[in-house]
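What follows is a set of notes on a single structure, which appears directly below.
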Amino acid sequence: MESQLTKQNLINKLDNVLKENMSREQFNYWAYKWVQNLDSRNRLSSEEDKLHEYLIFLLCIDLEIEPNIYFHEDIEIQEWIEKITLGVPLT
């Protein structure tokens, strides 16, 4: 786990999912660990707060409709990357 979560770390992880260098389940585990880390802090910077919101939303990345058919398709992950890059909400 990185010592500091950044927007670029998050984008890189999502890009790794698209490139199939990381499974959606591995991403979910990584994101969940960061959510736990950020939840345990008394105070978050505005950037950490935004990253926390992104991570909570992205925990849905591994939801399956049926085996190996995901609720959120790759095009949505690409859209999420674009929105995170711009710093806008994912919803």
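Starting from 1, each residue takes its place in the sequence as its number.
No side-chain donor from either of Asp49 and Ser46 sits under 3.5 Å from a side-chain acceptor of the other. Gln78 and Asp74 share no side-chain donor-acceptor pair at under 3.5 Å.
Here Tyr54 pairs with nothing under the ring-ring contact (aromatic ring centres under 6.0 Å, His included) rule; sequence neighbours left out.
The shortest side-chain heavy-atom distance between Glu79 and Leu90 does not fall under the 4.5 Å cut-off. The shortest distance between side-chain heavy atoms of His52 and Asp39 falls below 4.5 Å. Using a 4.5 Å cut-off on side-chain heavy atoms (C-beta onward), Ile84 and Lys7 make contact. The shortest distance between side-chain heavy atoms of Arg24 and Glu64 does not fall below 4.5 Å.
Taking each heavy atom of Leu5 and Trp34 in turn, the nearest pair found is N-CH2, 3.5 Å.
Here CG of Leu18 is found 5.0 Å from CD1 of Ile77. Values are rounded to the nearest 0.5 Å. Going from atom CG of Leu58 over to atom CG of Asn28 covers 9.5 Å, rounded to the nearest 0.5 Å. Residue Gln4 holds its CD atom at 9.5 Å from CD of Glu47, rounded to the nearest 0.5 Å. The CZ atom of Phe27 sits 8.0 Å away from the CG atom of Leu59 when rounded to the nearest 0.5 Å. Taking CD1 of Ile61 as the start and NZ of Lys13 as the end, the distance is 12.0 Å to the nearest 0.5 Å. Between Leu51 atom CG and Ile56 atom CD1 the span is 11.5 Å, to the nearest 0.5 Å.
Side-chain atoms of Glu53 do not come within 3.5 Å of backbone N or O of Lys50 as any donor-acceptor pair.
Heavy atoms of other residues, nucleotides or ligands lying less than 6.0 angstrom from CD of Gln36 number more than 12. When the shell of 6.0 Å around CD of Glu20 is examined, it contains 12 or fewer heavy atoms from other residues, nucleotides or ligands.
In this structure, Leu55 is not a member of the same hydrophobic cluster as Tyr70, with clusters built from ILVMFWY side-chain heavy atoms closer than 4.5 Å. No continuous path of hydrophobic side-chain contacts links Phe57 to Phe71 [ILVMFWY only; heavy atoms under 4.5 Å]. At a threshold of 4.5 Å between side-chain heavy atoms, the hydrophobic network of Ile, Leu, Val, Met, Phe, Trp and Tyr places Met22 and Tyr32 in one connected group.
Aromatic ring centres of Trp80 and His72 lie closer together than 6.0 Å.
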